[in-house]
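Read the structure below first, then the notes.
Each chain gets a letter, A, B and so on, in the order the sequences are listed, and its residues count up from 1.
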Protein chains: 2
Amino acid sequence: MSVRFPQSMQKLIRELTKLPTIGEKSATRLAYHLIQNDRKLAGTLSEAMQRAAEDVKLCEKCYALTDTQECQICQDDRRDQTTICIVEKPMDLLAIERVAEYRGLYHVLHGVWAPLRGMGPESMKLEELVSRVKDGEVSEAILATSSTVEGDATALYISRILEEMGVNTTRLAQGMPKGGELEYADEVTLSRAFSGRIRLG
Amino acid sequence: MSVRFPQSMQKLIRELTKLPTIGEKSATRLAYHLIQNDRKLAGTLSEAMQRAAEDVKLCEKCYALTDTQECQICQDDRRDQTTICIVEKPMDLLAIERVAEYRGLYHVLHGVWAPLRGMGPESMKLEELVSRVKDGEVSEAILATSSTVEGDATALYISRILEEMGVNTTRLAQGMPKGGELEYADEVTLSRAFSGRIRLG
C-alpha cells in the first residue's frame, strides 16, 4: 500500500497541472500552499476564478476582453476608426496601449497560424476580421503579431488577404531592441536590423 | 483614461499573484488561459480548490496531510513506533516513502527555523513534537530536513532538544549525489563528502 496525498489534494494537483507552465512539482507546491498556509486564499481565489469566467466576455467588434458588450476602445469615438492594429493576445493590446502612441482600433486574434502545432487559420478570429473589414471603413492594418516564426507567418498570411481587399498593411519594425548589445544579438535579429537599416540625418 | 482588463480579470490576477512563484506576468497568462481557452477548467479548478481546503486536515499525531483523523502511516501497526523521521513538508515525506526503505513514523514540521526570515521555533510543529516524544515510546529521531542552511540549523536546534530528552538523533548523510560530477560539485557539498568519507571493503 503506497502512501499518497488525500484524494481531494490529488484532484487539486491534477486540475492545477492543466494550467500552462504548471508541472506536477509546481502544482503540488501550489496545492500545499493553498491547503496549508492560506486556506482563505483558496476561497477568494476560487471565487475570483468563477466570477471572472462568468463576467469576462470578448468585445463584439475587436475581441478584446471586456465586461461590456463593446470594449472601452471600440466605444471611444476619438479613436481613428480607419486603422486597426492586429495582435495575438489581449496582453499585447495592453502593451501597445502602455506606449500611448497608437490611436486606432484593435483586432485580437486569440491565436496564431501554427500548422506545425495543428493550428490553422480557423484557430484565430480571422473570419471575424475579414467581415469586419468588408463591412467597415478600415483602410490600414498594422500587423503586430509576435516577432516569432509563427507570428511572422501569421502576419504574412493575413496581410495577403487584407491587401487583396484593398487595405494597406504594415508590419511592426524588426531590429535591435533598445539597449541591445550587438555582441549578444542573435543572427536573425541582426540580419533584420541590417536589411531594415535607415538613413541618419 | 488608460485601458485595463475588466475588473473581475484584474481581481483574478491579483489573487493569483498571492500564490508562491507566481508573478504578475504569469498570473496574467494563467488568468487569460482560464478565461479564454478553458472556462470549464475555471469551474473544476475552483471546485477542487474549495473541496481540498475543506477536506484536507493534518494528522493529529504526525501532522501529515490526511482526510481522516490519523494518517495512513500512523494507523499502520506494522510500522516501527519507536522511530520518527522529521521532515519539513508533506512532499518530503512522500519522497522518502517512494524509496520504500524507511519503516518508522514521521513528524511533519510545516516550517523551518529561519530567524533571518522572521521564522522562529514557533513557526514549526515543534511543541507538538516535544509533547509527542514526552508521551510516547520514541527512542530514535532521524532529522531529514533539507540540506540547506535553514534545514541544517533546524536539525541542529531540534536535535539538541531531543538529545536532552534521551532520544538518539541522527541526520541524513550529506555528500555527493549519485551521478554527480566532482568538477561541478559546490564547495560545501565536496567538503561534506570529504569529512564524511567511508572506508571501502
**Item:** Neighbour count above 12 (heavy atom, 6.0 Å) for B:Glu163 CD
**Value:** yes
**Request:** Find the distance between CD (B:Gln10) and CG (A:Asp67) and round it off to the nearest 0.5 Å.
**Result:** 9.5 Å
**Prompt:** Given side chains that start at C-beta, do those of B:Val56 and A:Leu12 come closer than 4.5 Å, heavy atoms only?
**Reply:** no
**Exceeds 12 heavy-atom contacts within 6.0 angstrom, atom CD of A:Glu47** = no
**Any A:Thr28 side-chain heavy atom under 4.5 Å of B:Leu94 side chain** = no
**Message:** Nearest 0.5 angstrom please: A:Thr44 OG1 to B:Arg14 CZ, how far?
**Reply:** 11.0 Å
**Asked** Pick from B:Pro6, B:Ala48, B:Ala100, B:Ala31: which one has the most heavy-atom pairs with chain A under 4.5 Å?
**Response** B:Pro6
**Request:** Keeping the roles fixed (side chain from B:Arg51, backbone from A:Ser8), state whether a donor-acceptor pair exists under 3.5 Å.
**Result:** no
**Request:** Write down the atom of A:Ile22, the atom of B:Leu30, and the distance for their closest heavy-atom approach.
**Result:** CG1-CD2, 4.4 Å
**Asked** Would you call A:Lys18 and B:Leu45 a side-chain contact if the rule is heavy atoms closer than 4.5 Å?
**Response** no
**Request:** Mind ranking B:Ala64, B:Ala42, B:Gly111, B:Pro20 by heavy-atom pairs under 4.5 Å with chain A and telling me who comes out on top?
**Result:** B:Pro20
**Approximate separation, where rounding is to 0.5 Å, of A:Arg39 CZ and B:Glu54 CD** = 10.0 Å
**Request:** Please say whether more than 12 non-hydrogen atoms of neighbouring residues, nucleotides or ligands are located less than 6.0 Å from CD in B:Glu101.
**Result:** no
**Message:** Strictly by salt bridge (charged side-chain N to carboxylate O under 4.0 Å, His left out), give each pair with a member in residues 172-196 of chain A just once, sequence neighbours left out.
**Reply:** A:Asp152-A:Arg192
**Item:** Approximate separation, where rounding is to 0.5 Å, of A:Leu65 CG and B:Gln36 CD
**Value:** 7.0 Å
**Asked** Would the number of heavy atoms belonging to other residues, nucleotides or ligands and lying under 6.0 Å from CD of A:Gln69 be above 12?
**Response** no
**Request:** Could you grab the distance from atom CG of B:Asp55 to atom NZ of A:Lys11, nearest 0.5 Å is fine?
**Result:** 13.0 Å
**Fill in**
Applying a strict 4.5 Å limit to non-hydrogen atoms, the region of B:Ile35 in contact with chain A is side chain
**Asked** Where does B:Arg29 contact chain A at under 4.5 Å (heavy atoms): side chain, backbone, both or neither?
**Response** both
**Fill in**
Max heavy-atom pairs within cutoff under 4.5 Å with chain B, candidates A:Gln50, A:Lys89, A:Met91, goes to A:Met91
**Request:** Please look at B:His110 and chain A and tell me whether the side chain, the backbone, both or neither of the residue comes under 4.5 angstrom of a heavy atom of that chain.
**Result:** both
**Prompt:** Relative to chain A, which segment of B:Ile73 carries a heavy atom at a distance below 4.5 Å: side chain, backbone, both, or neither?
**Reply:** side chain
**Asked** To the nearest 0.5 Å, what is the distance between CG (B:Leu16) and CE (A:Met49)?
**Response** 5.5 Å
**Item:** Which of B:Thr21, B:Ile13, B:Leu34 touches chain A most, by non-hydrogen pairs under 4.5 Å
**Value:** B:Leu34
**Message:** Would you say that more than 12 heavy atoms from the other residues, nucleotides or ligands in this model lie under 6.0 Å from the CD of B:Gln75, or not?
**Reply:** yes
**Request:** Can you establish whether the number of heavy atoms outside A:Gln7 located under 6.0 Å from its atom CD is more than 12?
**Result:** no
